[in-house]
Amino acid sequence: MIFLFKIGFLEISIVNLVDISLVSILIYQVYKLLRGSVAIKIFLGFLSIYLVYLLVNALRMELLTIILGQFMGVGVIAAIIIFAPEIRKFLLIIGRSSFLSNESIWQELLFWRKRESSAFNINPIIEATKSLAGTNTGALMVLSKNSELKFYSESGDMMDAILSKRLLISIFNKYSPLHDGAVIIYNGKVKAARCILPVTERDIPAQFGLRHRAAIGMSEATDTLVLIVSEETGQVSLAKNGKILHNLSYQEVREFLNDYLSGVDIDDKFDPISVYERPQFKKPTIKTG
């Protein structure tokens, strides 16, 4: 072990610096995960009780130390129960970020297939979006480039149909039995319709309805790009990685869809939900760099 310097009686090594850096990154990621949710207040409550426990223990207040000590003894189990949704979300983020979760990689490794681009003709999506937005018909479309999303597809009606403008308009027609839910699009096909998506547990602005909540929740749980057409305003939005871009033009939607399906990293171009929490907000400037 290589020692770098000393602070009093402490000897600091390269391993110590790496350890501190990794812990700092972990704490920051946990903060990002909990930020904007009720869980952050619960976490601060736990932290306050622990600091009080350390204080009364240092002051040798035996009665309070025993009481708080018993509470802290079961604190880990209680935290697992209380923070179960956040822990699940954290594991989902790790799982979807791992290269082992990419189905195309498994196919390439096991079957020695050449890796193909997941891009396809998105004109039917754009044209259908124009028609749906023009008639204020609500729509929710999930685009996936790495997975068929079988778990979510099986929550609806399996289709495996070739993507077309007329098909999408028919699905989201207000009188269609398939309109209530989301469609999942993968590899140029509508895999399923009337799918149930996970709803985000974060607090979001009032102008976003249940479709937007489901789109944000789906983008948090999976590496997908979700397109939303508002039934109230006809405005088009995109959700990715728990973030959203609202009131986009059709050209902007086309560019984002093409970039996503081509493997371009577009996460930094999306805005956190907090941007839209102001009563009167302006359309955010889309980052091009």
Side-chain angles (χ1 to χ4, degrees), residues 36-37 122-145 149 152 163 165 168-169 171-174 179-186 190 193-262 264-288:
S37 66
I122 63 170
N123 282 331
I125 299 177
I126 303 300
E127 294 303 318
T129 300
K130 290 180 181 178
S131 298
L132 294 168
T135 57
N136 280 27
T137 302
L140 196 55
M141 308 180 201
V142 180
L143 283 81
S144 175
K145 63 179 179 179
L149 303 173
Y152 298 102
L163 181 65
K165 171 186 174 181
L168 292 175
I169 293 175
I171 289 174
F172 290 111
N173 184 285
K174 297 177 181 179
H179 83 281
D180 190 16
V183 298
I184 293 178
I185 301 171
Y186 173 71
V190 177
R194 205 176 61 84
C195 299
I196 300 173
L197 304 185
V199 179
T200 183
E201 297 179 2
R202 295 156 58 194
D203 293 330
I204 65 172
Q207 67 263 23
F208 295 140
L210 185 58
R211 281 191 180 87
H212 294 84
R213 294 187 67 91
I216 295 170
M218 185 65 173
S219 70
E220 290 173 340
T222 61
D223 184 23
T224 56
L225 182 65
V226 188
L227 187 151
I228 315 105
V229 179
S230 173
E231 187 173 353
E232 295 180 357
T233 63
Q235 294 176 337
V236 182
S237 306
L238 289 173
K240 179 77 166 65
N241 197 27
K243 300 178 181 179
I244 196 168
L245 283 176
H246 185 54
N247 193 18
L248 297 172
S249 68
Y250 300 118
Q251 181 59 34
E252 290 171 338
V253 173
R254 182 185 296 275
E255 292 174 358
F256 277 109
L257 265 58
N258 279 326
D259 287 346
Y260 169 74
L261 294 173
S262 301
V264 178
D265 186 6
I266 60 175
D267 289 358
D268 293 338
K269 297 180 181 180
F270 282 71
D271 297 303
I273 303 299
S274 57
V275 172
Y276 300 93
E277 291 178 352
R278 297 186 295 272
Q280 299 293 331
F281 62 89
K282 297 180 180 179
K283 183 178 177 181
T285 302
I286 298 176
K287 311 175 186 68
T288 58

Within-4.5 Å side-chain heavy-atom neighbours: Met141 and Val183
yes
I'd like to check the salt bridge (Lys or Arg N to Asp or Glu O under 4.0 Å) partners of Lys174; sequence neighbours left out, ordered by chain and number.
none
Walk me through it: do Val142 and Thr222 pass the test side chain to side chain contact (heavy atoms under 4.5 Å, CB included)?
CA-CA 10 Å; Val142 180; Thr222 61; 5.5 Å; no
Could you walk me through whether Lys240 and Asp223 satisfy the side chain to side chain contact (heavy atoms under 4.5 Å, CB included) test, starting with their C-alpha distance in whole Å, then the side-chain angles of each, then the deciding distance to 0.1 Å, before giving a yes or no?
CA-CA 8 Å; Lys240 179 77 166 65; Asp223 184 23; 3.0 Å; yes
Can you tell me how far the CG atom of Asp267 sits from the OH atom of Tyr260, to the nearest 0.5 Å?
9.5 Å
Here the pair of heavy atoms bringing Phe172 nearest to Gly181 is CE2-O, 3.8 Å
Sub-4.5 Å side-chain heavy-atom contact between Lys269 and Phe256:
yes
Can you measure from OG (Ser262) to NZ (Lys145) and round to the nearest 0.5 angstrom?
9.0 Å
Donor-acceptor pair, Ser219 side chain versus Gly242 backbone, under 3.5 Å?
yes
With rounding to the nearest 0.5 angstrom, report the OG1 to CG distance, Thr129 to Leu257.
8.0 Å
The complete set of salt bridge (Lys or Arg N to Asp or Glu O under 4.0 Å) pairs with one or both residues in residues 209-218, sequence neighbours excluded, reads Arg211-Glu231
For the atom pair CG (Leu132) and CG (Leu140), what is the distance rounded to the nearest 0.5 Å?
11.5 Å
Tell me the closest heavy-atom pair linking Val226 and Ala215, and the distance in Å.
CG1-CB, 3.5 Å
Just so I know, are the side chains of Ile228 and Gln235 near enough to count as touching, which here means a heavy-atom distance under 4.5 Å?
no
Measuring from Thr224:OG1 to Ile184:CD1, what's the distance to the nearest 0.5 Å?
8.5 Å
Output for pair (Leu163 CG, Ile185 CD1), nearest 0.5 Å, gives 5.0 Å
In short, Leu168 meets Pro124 closest at the heavy-atom pair CD1-O, 4.0 Å
Verdict with reasoning, Asn123 to Arg254, per side chain to side chain contact (heavy atoms under 4.5 Å, CB included)
CA-CA 8 Å; Asn123 282 331; Arg254 182 185 296 275; 2.6 Å; yes
Going through the checks in order, is the side chain to side chain contact (heavy atoms under 4.5 Å, CB included) test met by Val229 and Thr137?
CA-CA 7 Å; Val229 179; Thr137 302; over 6 Å; no
Minimum-distance pair of heavy atoms, taken over all atoms of Gly234 and Ala133:
O-CB, 3.2 Å
Closest non-hydrogen contact found for Gly209 with Ile204 is O-CD1, 4.4 Å
Closest heavy-atom pair and its distance - Ser237, His212
OG-NE2, 3.7 Å
